[in-house]
Every structure is written in structure tokens, then in C-alpha cells.
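Remember, it's 1-based here, ligands and their atoms both numbered in the order they're listed.
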Amino acid sequence: MAEGKAEESRLDGSGAGAAAESKNFIEQLIDNDLKEGVYDRVHTRFPPEPNGYLHIGHAKSIILNSGIAEEYGGLFNLRFDDTNPTKERMEFVDSIKEDVRWLGADFEDRLFYASDYFEEMYRCAVLLIRKGLAFVDDLSADEIREYRGDFNTPGRESPWRGRSVEENLRLFEEMRAGKYADGEKTLRAKIDMASPNINMRDPVIYRVAHMSHHNTGDAWCIYPMYDFAHPIEDAIEGITHSLCTLEFEDHRPLYDWVVRECEFAHPPRQIEFAKLYLTNVVTGKRYIKKLVEDGVVDGWDDPRLVTIAALRRRGYTPESIRQFVKLSGISKANSSSDYSLLEYCIREDLKLKKPRLMAVLKPLKLIIDNYPEGKTEELSIPNNLENESLGERKVIFSRELYIEEDDFMVDPPKKYKRLYPGNEVRLMGAYFVKCTGYDTDSEGRVSAVHCTYDPETKSGTGFDGRKVKGTIHWVDAGTAGFVTVRLYEQLIDEEKGKLNEDGTLNFNKDSLTVLENCPVEPALMEARAYDSFQFMRNGYFCADSHDSREGKPVFNRIVSLKSSFKLPS
Ligand code: ATP
Ligand code: MG
């Protein structure tokens, strides 16, 4: 099916132009490869290093790679690029698997570990030595750096570059056997110290590191370098199109060199695309890690972060993230996507799917003086006015309710349409009420609002005697449940810039607001982890997966209802 689509745009002359235009540059390159017979199938992979949790940028790579495989009827692998034992942990392996699955990227049974290929990588290195294309070097890391030169200065050859094949084979074997200390020797590719591309100046391909590895334990004390390991991993798995981010563009000649000189029959092709960045949001794994380690946030899934785990906890859906990645586009030019685009995507996704209930974030008592004490009535309220299929629910109405503090003012500005002395508003799904006065506490703050209701104006009865300008939400005081609600703002204060003068990150001190004892409709008390709702007029909220208890949910605000964001037309 997916292959059909690609086929169509190539064979059908009339529609080809339009179809090709809507394809991104990677799809166009793949189309071309298939047309010219460079490949007869498509196989992609997502190769995370298990040294942290995945973030929204990785989501782009996952969705791109798995999407391409699906589109061309090909295969998609998940492969842990676990060649660097220093920073890797099992916790990260588990979280990455969960996140990739949650995003809906289907790697079926193709879950691989680069460390399972260590033996094969070693054989490749031996092959290079035999071909006179690799040598054991005694220079220290500092010396290697110094010999390498820079953009303006050609490099100098290592004095050990001329070692014989036999000597190199023996020394490399000794490196593996643990004869040398960390940093004492390296294996380097023998390419070209005068190359204008610094990556080609005899890059180190193996180093000594006496370290336990989370997968191979103490089996190895030499580890391959990324630029050597990665192309081999791709080639072993039969990857056709190795999609990576722009910073690897200069490494491509080395990638191709490794694949060619290691004599793989089916060389993969590296294609680079621009990373996804978000305005005013910390995306780099290193930065997120620092926020976690410094205790600025309460873990990798703190809902203020943009790790995939945090977005899931906050209440984002895979669909919304996929849509966001799609709208952000795939290109070769670096740019930042607007955070409000992400918010737009989750609002759009939840709009018709979720029931809309009433919850009061900052409660103020409303007393209806002409409503009989002790009386209650059941009102039927639609769950989502834009989606009838979500049905209706019963809500209790009585003499004492909670309304939002903001929905009453003693002395309102001109355009204020909500409650103030003498003004009439509609209580959502219930009656018109007219404000008759208010109580204050000993410090002069409003402690309760008084009103009268008009029984003629009940919602749904077709009353059209008069109109009111404002409609406010409410929760019945007698039957309300009480919950904790958390509101979030960006971790970084946009106005003031990302960094302080001393170079530290400029945190927004209001990034988390916790509201306790918020009255909500009783139905919300049954919410379980990850259930989400619209709280009318207040936004979309999701029951927190760490802190919710049965019958006592804690809600995180996913996003408010209002947005200044407009999709470009
Ligand atoms: P970070 O840049 O956050 O430190 P990383 O690139 O070190 O992440 P890896 O685990 O090495 O993380 O990345 C796995 C894959 O995800 C790589 O192919 C990488 O190019 C891709 N990737 C990483 N960050 C982004 C991003 N912001 N947008 C798109 N793809 C990304
Ligand atoms: Mg990395």
C-alpha cells in the first residue's frame, strides 16, 4: 500500500508534479534511489544512545524514520547505540523502549544493541589493519589533538603511522587482552592527515577503556568510536537509508569510507536533516540532564520538561506529537518550532475526544438566597457540545455553589460581563442568577457572593424572555470533590532571555503553581492516571500518573484553552 503511493508519483505523469512537491527532500532522494535501482527496498532505524531520556527532538527522528519505513512498505529498527559505557544505564534503555512504543513506532522484533556487534566491529578493525588502513598509535589524546591541526593548518602524521601490519595486529590484540592502560594506545584509521575534512585526518577508531558495560559486562576493555561503529551497525542490519541530524554532514565521507573499506556488500546511505528545536524550551539531553541532577525539576518526567515521558505525564497524546512533527516539517535548514504549535496540536487532538466538565480553580462561595435550603435538583448537561456522541451527565444543583474568584468583582471595569452587584449572568447548564450583594471577612476580602435565581430561565427549556452577556461555570458545594491542581509555565522566562548574566539558565520562578482543594464535579474524582478532560473555561487537564491515588486524583494542566497561535494558511 505504502509502496503504491511512491509508485504512483513516479509512474503517473499527470499527478507526478504535485505529488513530488508535497514530498520532503528525503522522500525525493529515496524515490530516486528506488528508481535508479540503488536500493530495491527501504530499511531505516532509530539509534539512540541510552544516556538519558528521549525528548521531543528524538520524537521527530523516531516519527520520521518509522514513517518512511511505513510509507515505502519497508522495515524500521530500534537500535541502542551503546558503544560508550561511561554514561549508559539500564534505566535509560527501558524508558527509551517505552517511549518509542508509545509514539507508535513499530519495530516489531527488531530491537538491537550495537554492543552485540562488538566482535564483528573488532573483525572489521583487523581487516583494516591487514589492508594497511589502520595502525596502533602511542600518542596521547593531547598529542593527537595537537598533531591533527585545524581548519587552516594541515595535520602532521603520527610517528607510529609506519608500523608494520604484523606489529599492528599484535599490538591491537594486546590492547584487547588488557595489556595497556586507558589512553596508552589507540587504533587509528590511516586516511589522510592533509584532508581539508578534519574527520578524515586519521580518526581514532578504538580506544582502551577499562570499564564495565551494561550489556557486555567486562568482556571488553577496548571500545569502538562512534564514527567507526555507527556505519558498521547500519551495514550489519541492512539499513538502506541512515537518517541523522546535520552535525554529521561532515562525518559522511568517513561513514562512506568505513562502509567501503570494511567491504560490506550492501552499503547504507547517510542522509542528514535539521534537528527540531523549540523556542524557549530546553531540548538538549545534556541540559535536561543537568536540570534533573541539580534538582531544579522533579525527575526526567517532570511535566515542565519536553522529554517524551514528561509530555506523556503532562497529558500529551502520541497523535498530537505526530501532528506537531508533521507540521514542523523536515528540512535541511536549522530553525525553531514554536511551542505554541505543540499546544495547538494537543488542543486540536483533545477538542472532540474529551468530556468537558466543571472545576473551579480559585473558589468563591455563591449563595442563592431564594433557592430553598435543603433542596437539590439534577440537571442534564451535555459532555461535549461539539460532539454529541459523548452523551450527557447529571450534575447536582443547589443553594450553595462555588464559582471562580475572578468571576465576581465588586467594582468591575467597563467591559466586565460576569458577576457584580446588580448584574445577571447564566450559570452554565443551569439558571440565570442576579447578584444582590456579598460578604466580606475581617480583612475586607470578599468571602461569599449573594444572588437570586430566576426559575423560569432553566437551561434547555427554551426561555427567551431576556438575554445575559456572561456565562460562568460552577460546582455544587454539597457534592463537590476536592482535588489538587497544578498549573505550569515555561521553565525559562521568555521575556528575560535564556541565560542570566553569569551564564546560568534563567528559570521562571512561576513555572509551577500548586492549587489545593479545588472543587470539582464528583465525576472527576474517579479519574485515573492519564485520563484527561476539558475543565470548562480553564483548559485541558490530565490526572497525574505519580501522585494520583484511587478516588483522589491530582490534575496537571496540559494546556489552557486560549491561544494566540494561528496555523499559517
Ligand atoms: P541531544 O542532542 O539531545 O544530546 P543526541 O543526539 O545526543 O541528543 P542520541 O541518542 O545520540 O541523542 O540521538 C538519537 C537520534 O536522535 C540521532 O539520530 C539524533 O540525530 C536524533 N536527534 C537528536 N536530537 C534531535 C533533534 N533535536 N531533532 C531531531 N533528531 C534528533
Ligand atoms: Mg549523542
Exactly one of His546, Arg314, Arg312 clears side-chain hydrogen bond (donor to acceptor under 3.5 Å, both in side chains) with Asp301, and that residue is His546

Close N or O approach ([X], ligand 1; < 3.5 Å):
X      : value
Asn51  : no
Leu276 : yes
Arg286 : no
Gly57  : yes

Paired with His213, the ring pair (Phe, Tyr, Trp, His ring centres under 6.0 Å) test is passed by just one of Trp220, Phe118, Tyr113, namely Phe118

Only distances under 3.5 Å count here; give the side-chain donor-acceptor pairs of residues 53-64 to other protein atoms, sequence neighbours excluded, each with its distance to 0.1 Å.
residue : atom : partner : partner atom : Å
Tyr53   : OH   : Glu91   : OE2          : 2.9
His55   : ND1  : Gly57   : N            : 3.0
His55   : NE2  : Thr283  : O            : 3.1
His58   : ND1  : His55   : N            : 3.0
Lys60   : NZ   : Ala274  : O            : 2.9
Ser61   : OG   : Asn65   : ND2          : 3.3

Between Lys354 and Phe533, is NZ or CZ placed under 6.0 angstrom from the six-membered ring centre and within 45° of the ring axis? no

Is the closest heavy-atom distance from Phe46 to ligand 1 below 4.0 Å? yes

Pair Gln270-Tyr255, side-chain donor/acceptor within less than 3.5 Å: no

Quick one: which ligand 1 atoms are inside 4.0 Å of a heavy atom on Gly284? 3 (O)

Which atoms of ligand 1 have any heavy atom of Thr245 under 4.0 Å away? 19 (C), 20 (O), 29 (C), 30 (N), 31 (C)

If you measure from atom 6 (O) of ligand 1 to every heavy atom of Glu49, Lys275, Arg79, which option wins on shortest distance? Lys275

Could you work out, with salt bridge (charged side-chain N to carboxylate O under 4.0 Å, His left out) as the rule, every residue matching Asp33, not counting sequence neighbours? Arg269

